[in-house]
Structure formats: structure tokens, C-alpha cells
Student: 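What follows is a single structure, and I will ask about it in a moment.
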2 protein chains.
Amino acid sequence: MDRHLVDLLQRNGQTSYAELSKAVGLAVSSVNDRVRKLVERGVITGYHAHVSPEAAGLDLLAFVFIGWSDPEVAAPFLERIGSEPAVQEAHHVTGQWNYLLKVRVRTTRMLEAFLANVIKAIPGIQRTETLIVLSSAKETMALPTALPDWFK
Amino acid sequence: MDRHLVDLLQRNGQTSYAELSKAVGLAVSSVNDRVRKLVERGVITGYHAHVSPEAAGLDLLAFVFIGWSDPEVAAPFLERIGSEPAVQEAHHVTGQWNYLLKVRVRTTRMLEAFLANVIKAIPGIQRTETLIVLSSAKETMALPTALPDWFK
DNA sequence: AATGAAAGTTGTAGGGT
DNA sequence: ACCCTACAACTTTCATT
């Protein structure tokens, strides 16, 4: 039941309680209760308008691997990229690199500036490797709510 | 002006027109006009509830690189991962790999099943490399609306 | 937990500046 | 483009089962 509501709200965050009510077969006020509790419990963390990167002029998407040896680098690195809007994601990953960044900029010139003025400006960062995204076949923020058939 | 509205709606997709109106200094109906046009123009592509992966039981995030030689593999690969909820993103990237996937599952056992039953089940896929995400320091879908100071 | 109805807000469309 | 107004739709609360 809650899964169904979450599913619908992931797809369309503006779905009215009237519509949700019809879809799940509960009264409007019951739906209101359940959604409120989903937010209180932290299952639903927020509602956001999604913006087309291209419409915003951000035509270049890149993944940047970051490497360092000195563990002292981590704190200033995280602080810097945390306040950098061009960085959409920063993940601590296994393997030969420390971090993987997802970066959106306008052009290759701007990517170059990002690497030179933001990343290399952090003392101690030794290696980077950049992958340019040619096209994105899929990009969704909807999480699976049910177990897939290939895993039981 | 539109940038300001987009900014606010990216942060909170439930911001009322009354609040937007107060924030940008326009009448409610003007705000309504502008937001409607932003949606019509495709700048705002939709509104979505954001769900906590951990609350949904998806504790494992991984990036999976996929490689093949035969170009015939692309079509069936894209069709398969397009309909796979565990795959959040699929990017065609430069470098030694063809695609980079962002995958969310519950456990390492489920990741193993994904690689065996979904990826390796696609004929022609020759190489994969999986990076496990230990922690995500940043994960936002808010796009920058202004040019950064490190790029003029 | 779920329901129906009342009361308060908000979204939207119209005409006007 | 922007504003004001009015009505419809929606959200939220509350008493009840």
C-alpha cells in the first residue's frame, strides 16, 4: 500500500490526494495520513522540480575519478566539492581511486576550468581521470519498490 | 527571474505560488504564468518525490562498466537495462568501456544476481568492472543555475 | 487505521492595466 | 509582461467508527 503511494509520487510528485485515493482505493484523508507518515519516517525525503540539463545550458556531463595518497586531503576535498554546484554527486568508491564525481558543465572549456581551478587547486590531489558522457540512455531517480524476478 | 524560480522549485517542488510570489516579488498570477511557461518550454521536466534508498532497503550502490566488441549488442543491451528498475542510470562513455551503469540493490548477493542474471544474460557482453560505493558524500539533482566564479 | 465532512489554502482562468 | 479577482480544487484537521 505504502509502496504503491511511493511509486506514484516518485513518478509524479504533484499527484493530488484525490488521484492517489482513487488509485489505491483509500479515502483522501487516509492517503494524507500515510503520506505524512512516509515523510515523517524519512522514506520520502522531499519533493523536487526536475530541470532538463540541456535546457539549463549544461550540455556536458562527465565522471571524474580522483586519487590521492595523503589521508589529510579528504576533509578539504569534501568541503570544496560539497559547496560546488557543478558537482552533482561524489561517491567514495572501491578500487584504485578514492572518489568518483559526477560533474555537469556547459562546455569542454568549462570542464577544463573545473579541473584546473577547482580540483587541482585542492592541495594533495595527485591523479584524476575523466570520462566524458556521450549520451545518457537512462537517467531516473525512481527507486525500485518491489523485488525483481531475477532475485527471489 | 526564471532562474530564481527554478532554483526554489529544485530545492522544494512543493513551494506554493504564494511563497514563490513573496520570494521573487511578483504577483501570484505572474508566478503561475512563468512556471507554466517553464514547464511548456521543457525547462522543468517534472516533479518527483525523492525516496531515501536506505529507507527503501537499497543499501548497496554500485557503478558497473560494461564492454563489448560487436556493435549489435547495443540495441538489446539498451532495451534490457531500460526496463530494469535496479538500473538508475546508463551512460555511453568515452574510454575503454562502452557503458557506465549506476545500479541500486539490497545486498552484495543481489548485485551478484544482477550481474549473472541480467548483464551476463545479454549475449555478446564480454567485460564488466564493478565499483562498490562505500559512501556518498554528495548526491543532488539540483543543477547550477548561475555561472561559477571559477569560470567567467 | 480508516472514514466523511467542515474549514482553510492554494491553483487557475478571466479580464484589465 | 504583469496584476487583481473569483471560483474551483485541493490540503488538512477533527469527530466518529
Side-chain angles (χ1 to χ4, degrees), chain A residues 1-59 85 106 139-147, chain B residues 1-59 85 106 139-147:
Chain A
M1 181 63 74
D2 280 348
R3 203 176 301 168
H4 196 171
L5 291 172
V6 167
D7 236 17
L8 292 163
L9 288 170
Q10 276 195 126
R11 277 199 254 287
N12 178 9
Q14 288 190 325
T15 315
S16 71
Y17 289 136
E19 285 176 80
L20 293 175
S21 163
K22 210 182 289 180
V24 303
L26 282 179
V28 171
S29 49
S30 306
V31 171
N32 188 328
D33 265 4
R34 279 177 176 274
V35 173
R36 188 172 40 73
K37 281 171 189 167
L38 283 168
V39 175
E40 277 171 8
R41 274 189 269 143
V43 177
I44 293 175
T45 57
Y47 294 84
H48 306 276
H50 192 217
V51 174
S52 157
E54 292 76 22
L58 299 165
D59 289 301
R106 293 173 176 272
E139 204 164 8
T140 179
M141 46 233 71
L143 302 181
T145 50
L147 276 181
Chain B
M1 181 63 74
D2 280 347
R3 203 176 302 166
H4 196 172
L5 291 172
V6 167
D7 237 17
L8 292 164
L9 288 170
Q10 277 195 124
R11 277 199 254 287
N12 179 9
Q14 289 190 324
T15 316
S16 70
Y17 288 136
E19 284 176 80
L20 293 175
S21 163
K22 211 182 288 179
V24 303
L26 282 180
V28 171
S29 49
S30 306
V31 171
N32 188 331
D33 268 3
R34 280 177 175 273
V35 173
R36 188 170 40 74
K37 280 170 189 166
L38 283 168
V39 175
E40 277 170 9
R41 275 190 269 142
V43 177
I44 292 175
T45 57
Y47 295 84
H48 307 276
H50 191 218
V51 173
S52 158
E54 292 75 23
L58 297 164
D59 289 301
R106 293 173 176 271
E139 204 164 9
T140 179
M141 47 233 71
L143 303 179
T145 50
L147 275 180

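Below, read A as the first sequence line, B as the second, and so on, with proteins coming before strands; counting in each chain starts at 1. When reading the values below, keep in mind they use all heavy atoms of this one structure, side chains included, and skip hydrogens, waters and symmetry mates. Computed from a prediction, not measured in an experiment: that's the story for all the values here.
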Student: Could you state the atom-to-atom distance from CZ of A:R36 to P of D:dT12 in whole Å?
Tutor: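 Whole-Å distance recorded here is 9 Å.
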Student: Could you tell me whether the side chain of A:H50 reaches within less than 4.5 Å of the side chain of B:H48, counting heavy atoms only?
Tutor: yes
Student: May I ask you to test the B:L26-B:R34 pair for a side-chain heavy-atom distance under 4.5 Å?
Tutor: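 Sidechains of B:R34 and B:L26: in contact.
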Student: How long is the straight-line distance from OG1 of A:T15 back to OH of B:Y47, given to the nearest 0.5 Å?
Tutor: 13.0 Å
Student: Distance-only, no hydrogens or angles: does the A:Q10 side chain make a donor-acceptor pair with backbone N or O of A:L143 under 3.5 Å?
Tutor: yes
Student: Please state how far atom CG in A:N32 lies from atom C1' in D:dT13, giving the value in whole angstrom units.
Tutor: 9 Å
Student: Are there more than 12 heavy atoms of other residues, nucleotides or ligands under 6.0 Å from atom CZ of A:R36?
Tutor: yes
Student: Carefully, step by step, assess A:V35 and A:V6 under the rule side chain to side chain contact (heavy atoms under 4.5 Å, CB included).
Tutor: CA-CA 8 Å; A:V35 173; A:V6 167; over 6 Å; no
Student: Measure the spacing between CG of B:D33 and CG of B:L38 and express it to the nearest 0.5 Å.
Tutor: 11.0 Å
Student: Go through the steps to decide whether A:D2 and A:V43 satisfy the test side chain to side chain contact (heavy atoms under 4.5 Å, CB included), and finish with yes or no.
Tutor: CA-CA 10 Å; A:D2 280 348; A:V43 177; over 6 Å; no
Student: Any residue in residues 11-23 of chain A with a heavy atom nearer than 4.0 angstrom to DNA chain D? Just list them by number, or reply none.
Tutor: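 The answer is A:S16, A:Y17.
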Student: Whole angstrom is fine here: how far is it from OH in A:Y47 over to P in D:dC10?
Tutor: 16 Å
Student: Rounded to the nearest 0.5 Å, how far apart are CG of B:L5 and OG of B:S30?
Tutor: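 Between B:L5 CG and B:S30 OG, I get 10.5 Å after rounding to 0.5 Å.
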Student: Under 3.5 Å between N/O atoms: give me all the protein pairs with nucleotides 1-4 of chain C, atom names plus distance.
Tutor:
{"from": "C:dA2", "atom 1": "OP1", "to": "A:R34", "atom 2": "NH2", "distance (Å)": "2.8"}
{"from": "C:dA2", "atom 1": "OP2", "to": "A:R34", "atom 2": "NE", "distance (Å)": "3.2"}
{"from": "C:dT3", "atom 1": "OP2", "to": "A:A27", "atom 2": "N", "distance (Å)": "2.6"}
{"from": "C:dT3", "atom 1": "OP2", "to": "A:S30", "atom 2": "OG", "distance (Å)": "3.0"}
{"from": "C:dG4", "atom 1": "N7", "to": "A:S29", "atom 2": "OG", "distance (Å)": "3.4"}
{"from": "C:dG4", "atom 1": "O6", "to": "A:S29", "atom 2": "OG", "distance (Å)": "2.8"}

Student: Using modelled atom types only, decide if a donor and an acceptor are shared between the side chain of B:R3 and the backbone of B:T145 within a distance under 3.5 Å.
Tutor: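 Between the backbone of B:T145 and the side chain of B:R3 there is a qualifying donor-acceptor contact (under 3.5 Å).
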Student: So if I take the C1' atoms of five pairs at each end of the helix from C:dA1-D:dT17 to C:dT17-D:dA1 and get each local axis, what angle do the two axes make, rounded to 10 degrees?
Tutor: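 Angle reported: 30°, given to the nearest ten degrees.
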